[in-house]
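Counting starts at 1 for both ligands and their atoms, in listed order.
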Amino acid sequence: MSEKFDVIVIGAGPGGYVAAIRAAQLGLKTACVEKWVNEKGATVLGGTCLNVGCVPSKALLESTHKFHDTQHKNAVHGISAENVTMDVKQMVARKDKIVGNLTTGITGLFKANGVTTLAGMGKLLSGKKVEVTAADGSVSVYDAENVILASGSLPVNIPPAPLTEGLILDNEGALNIDETPGTLGVIGAGVIGLEMGSVWARLGTKVTVLEALDSFLAVADKDVAKEGAKLLKKQGLDIKLGSMVSGTEIVDGKVKVFYKDAKGEQEITVDKLIVAVGRRPQTQGLLADDSGVKLDERGFIEVDIQCKTAAAGVYAIGDSVRGPMLAHKASEEGVMVADIIAGHHAQMNYDVIPSIIYTHPEMAWVGKTEQELKEQGVKIKVGKFPFAASGRAMASNETDGFVKIIADEETDRVLGVHMVGAIASELISQGAIAMEFCSTAEDLQLMCFAHPTVSEAVHEAALAVDGHAIHIANRKKR
Ligand code: FAD
Ligand code: NAD
């Protein structure tokens with residue numbers, strides 16, 4: 001008889017490993033199947049996020065930010081440094097060390113919580129049976145009371161730019177470039193394109209970003225997109241909108257990129273090209289024909305608001321289901337599903353999921369954009385406060401950007417918080433907390449924020465919603 005678990009999770013990314021730990025904490029006998037192996041053939045937990053996503057990209061962004069500041073921004077403090085150099089191999093090795101520490105950390109957490117790791121490729125069979133094919137080809141089948149599919153996503157490849165070792169790279173290859181390229185092309189001005197473009201632009205690479213759409217960051221609030229475009233351009237990122245790549249050619253170890261824009265056929269030649277045009281759900285080999293789980297027309301696993309699939313007792317979470325492809329969204333769905341399986345009431349608030357782009361300054365938002373609310377005919381009040389008017393931001397020499405708060409004109413409830421700023425990734429949680437607690441702009445206005453902090457910009461933006469910000473001229477006409 002095959003071993004039976006209360007919960008089997010397939011996939012150990014931030015969706016799956018968090019779900020497994022939570023389920024085990026709740027007293028459920030839990031296993032997690034993972035197929036990812038390192039160069040030594042050992043199973044690696046953590047998924048895209050820890051191995052080739054959130055964490056390694058932020059490690060590179062931090063290193064290059066420090067380099068850039070030392071070279072260009074610290075003189076204003078009276079700090080001078082000559083002949084500043086960057087050892088790119090050391091930077092990449094540091095990134096790899098962080099990844100190694102974090103992924104082994106998850107192995108430790110599984111052990112500490114009693115989660116069984118099943119190494120290999122997981123497949124859901126009918127009747128909540130899970131088949132695991134190990135690297136040596138041996139097959140085991142396990143029974144589960146509940147199954148959580150957390151198989152994540154893979155980069156989208158496009159026919160005009162087929163991946164080519166060392167030259168045309170996806171996000172994984174992009175994280176392992178170990179020499180500063182003279183020129184870099186990026187297809188897609190989305191999150192990965194802007195973050196990876198920033199990494200190399202800071203090291204002196206001439207970066208050209210080709211974006212198919214005519215508008216920049218269409219998902220962001222228009223003010224954030226406008227400010228972001230202006231600041232990134234100032235940093236040397238050449239973002240070409242309305243540019244559709246039609247082909248590539250390798251010539252003398254370089255990449256010729258052909259694209260079409262409003263003026264006609266164009267081409268550029270770059271040392272390396274990163275393809276960052278989005279990600280797609282990873283479901284190949286995951287489901288037996290009779291598993292009972294359905295995919296939608298775009299290949300995502302179909303789920304309801306509680307992440308239940310069409311098969312009873314089978315749930316799916318994270319990048320392989322609808323919603324934003326974000327690690328924290330995947331993890332929160334994992335927690336919700338584990339709680340539901342354990343018999344608790346649980347739900348996730350899909351209206352309050354923060355988004356962050358880790359450029360410098362960072363762009364971050366939560367809730368609805370001004371354009372969305374206007375389209376929906378919602379009457380709104382908007383308050384905006386620039387970091388240029390913040391004493392602490394001046395002291396830090398980080399005065400670019402602003403905080404924008406949108407509130408309902410009638411109820412005063414906060415509907416969206418949007419910002420561009422050096423530490424927007426940290427500040428945005430204040431917006432998320434406010435929205436989660438159904439705060440009004442007045443609630444934020446009446447709070448005492450510590451001085452001098454960059455957070456005061458959130459307070460001032462809330463005050464500006466009613467024309468009461470103290471440190472800018474914003475009196476509303478009566
Ligand atoms: P994944 O992390 O993709 O994990 C899925 C796991 O399932 C993988 O380990 C895979 O090997 C395994 N698997 C799949 N199928 C099977 C199978 N059949 N059997 C066994 N195992 C299987 N998000 C953020 O929130 N913040 C960021 O800063 C951020 N930065 C990013 C930067 C980059 C370069 C990239 C590529 C992504 C970034 N993301 C970021 C997105 C984030 O990585 C994903 O949203 C997140 O990893 C999704 O988690 P997941 O658990 O759903 O899937
Ligand atoms: P994305 O969806 O953010 O951006 C892709 C961009 O490529 C879009 O602007 C799109 O219009 C453009 N595009 C698509 N096809 C094109 C083509 N043929 N030619 C030119 N442009 C084209 O996708 P991404 O940057 O690849 O990131 C993938 C996912 O990973 C995102 O959903 C994101 O949520 C997640 N991620 C998050 C973070 C973060 O939270 N900071 C960082 C990196 C990635």
Ligand 2-proximal atoms of L326, by part, heavy-atom distance under 4.0 Å: side chain

N or O contact, G278 vs ligand 2, cut-off under 3.5 Å: yes

Nearest non-hydrogen protein atom, atom 8 (C) of ligand 2: E211 OE1, 3.5 Å

Side chain, backbone, both or neither: V191 near ligand 2, heavy atoms under 4.0 Å: both

Identity and distance of the protein heavy atom lying nearest atom 1 (P) of ligand 2: G190 CA, 4.1 Å

Ion pair check, E333 and K329, cut-off under 4.0 Å: yes

Shortest protein heavy-atom distance from atom 16 (C) of ligand 2, along with the residue and atom involved: V277 CG1, 3.5 Å

Atom 35 (C) of ligand 2 [closest protein heavy-atom partner, distance rounded to 0.1 Å]: M325 O, 3.4 Å

Atoms in ligand 2 flagged as close to I187, the criterion being non-hydrogen separation under 4.0 Å: 19 (N), 20 (C)

Residue part near ligand 2, for V156, under 4.0 Å between non-hydrogen atoms: neither

Which residue and heavy atom of the protein sit nearest atom 43 (C) of ligand 2, plus the separation: I192 CG1, 3.3 Å

Protein residue, atom and distance nearest to atom 29 (C) of ligand 2, heavy-atom basis: R279 CD, 3.8 Å

Pocket residues of ligand 1, ordered first by chain and then by residue number (heavy-atom cut-off under 4.0 Å): I10, G11, A12, G13, P14, G15, G16, V33, E34, K35, W36, G47, T48, C49, V52, G53, C54, S57, K58, G120, M121, G122, A150, S151, G152, S153, N171, I192, R279, Q282, L286, G318, D319, M325, L326, A327, H328, A330, Y358

pair V303-R322: side-chain heavy atoms closer than 4.5 Å: yes

